[in-house]
Amino acid sequence: QVQLVESGGGLVQAGGSLRLSCVASRSLFSINAMGWYRQAPGKQRELVADITYGGDTNYADSVKGRFTISRDNAKNTVFLQMNSLKPEDTAVYYCNADRLRLTYGGGRLDAWGQGTLVTVSS
């Protein structure tokens, strides 16, 4: 089991930046991958970016070159740095932990944080 707590959302003008944080209640080394998802009003939740325990990253095409996912293992924290924000980035952003690494049993986590709202004005 793991609990996730996000923070850092807010209101920003187009072209601005925000940094989201997600603190996990257990070591990131035990988790296969951490991800950031978002859900805009009336739309399905979508993957924004994820990062494996080994540091490999993956981004949605819509955010490549603007967003950066990173992790601080000592603080059990995953970050999402968002630059050059656009109105279409407006959404609730959620942190996710998929499953434990095989070394730690490989069990499914599918844990979600409470979400943090990002609003980008034009």
Which distance, rounded to the nearest 0.5 Å, do you find between the OG1 of Thr103 and the CG of Asn32?
10.0 Å
Assess the side chains of Ser17 and Asn83: does a donor N or O sit below 3.5 Å from an acceptor N or O?
yes
Non-hydrogen side-chain atoms of Cys95 and Trp112 separated by less than 4.5 Å
no
If every non-hydrogen atom of Lys75 is compared with every non-hydrogen atom of Val23, which pair is closest and at what distance?
O-CG1, 4.3 Å
Pairing of Asp89 and Arg66 as salt bridge, 4.0 angstrom limit:
yes
Spacing of CG belonging to Asp56 relative to CD1 belonging to Ile69, to within rounding of 0.5 Å:
11.5 Å
Minimum side-chain heavy-atom gap Asp98-Leu109 below 4.5 Å
no
Below 4.5 Å, heavy atoms only, C-beta onward: do Leu80 and Thr68 meet side chain to side chain?
no
Pairwise distance CG(Leu102) to OH(Tyr104) - rounded to 0.5 angstrom
12.0 Å
Of all heavy-atom pairs between Ala14 and Ser122, which one has the smallest distance, and what is that distance?
CB-CA, 4.4 Å
Minimum-distance pair of heavy atoms, taken over all atoms of Tyr53 and Arg71:
CA-NH1, 3.2 Å
Gln44 vs Gln39, test: side chain to side chain contact (heavy atoms under 4.5 Å, CB included). Steps then yes/no.
CA-CA 6 Å; Gln44 289 188 329; Gln39 187 166 18; 5.5 Å; no
Hey, mind stepping through Asn73 and Phe29 against side chain to side chain contact (heavy atoms under 4.5 Å, CB included) and telling me if it holds?
CA-CA 7 Å; Asn73 294 322; Phe29 283 120; 3.4 Å; yes
Any donor-acceptor pair under 3.5 Å linking the side chain of Thr119 with the backbone of Leu11?
no
Can you see whether Arg38 engages Tyr93 through a side-chain donor-acceptor pair at a distance of less than 3.5 angstrom?
yes
Decide yes or no for Met34 and Asp50: does some side-chain heavy atom of the first lie under 4.5 Å from some side-chain heavy atom of the second?
no
With sequence neighbours left out, write down each residue that passes side chain to side chain donor-acceptor pair (under 3.5 Å) with Asn58, or none if nothing qualifies.
none
Would Val118 and Met82 count as a side chain to side chain contact (heavy atoms under 4.5 Å, CB included) here? Give the steps.
CA-CA 10 Å; Val118 172; Met82 306 185 294; 3.8 Å; yes
Within this structure, what is the OG-CD distance for the pair Ser7 and Gln114, rounded to the nearest 0.5 Å?
8.5 Å
ILVMFWY cluster, Tyr37 and Val120 together (side-chain gap under 4.5 Å)
no
Distance col, row Arg108:CZ vs Arg99:CZ, nearest 0.5 angstrom, shows 11.0 Å
What I'd like to find out is whether the side chain of Phe67 reaches to under 4.5 Å of the side chain of Val48, using heavy atoms alone.
yes
Are any side-chain N or O atoms of Glu6 and backbone N or O atoms of Gly115, one a donor and one an acceptor, separated by less than 3.5 Å?
yes
Non-hydrogen atoms of Leu47 and Ala60 that approach each other most closely:
O-CB, 3.4 Å
Are the side chains of Asn76 and Ser25 in contact, using a 4.5 Å heavy-atom criterion?
no
Could you tell me which non-hydrogen atom of Gly113 sits nearest to which non-hydrogen atom of Tyr94, and how far apart they are?
O-CD2, 3.7 Å
Test item: Phe79 and Leu20 side chains (from C-beta on) under 4.5 Å apart, heavy atoms
no
Just so I know, are the side chains of Leu28 and Val78 near enough to count as touching, which here means a heavy-atom distance under 4.5 Å?
yes
Go through the steps to decide whether Leu85 and Leu18 satisfy the test side chain to side chain contact (heavy atoms under 4.5 Å, CB included), and finish with yes or no.
CA-CA 8 Å; Leu85 283 162; Leu18 283 174; 4.2 Å; yes
Could you pull out the closest heavy-atom pair between Thr90 and Ala40, with the gap in Å?
O-CB, 3.6 Å
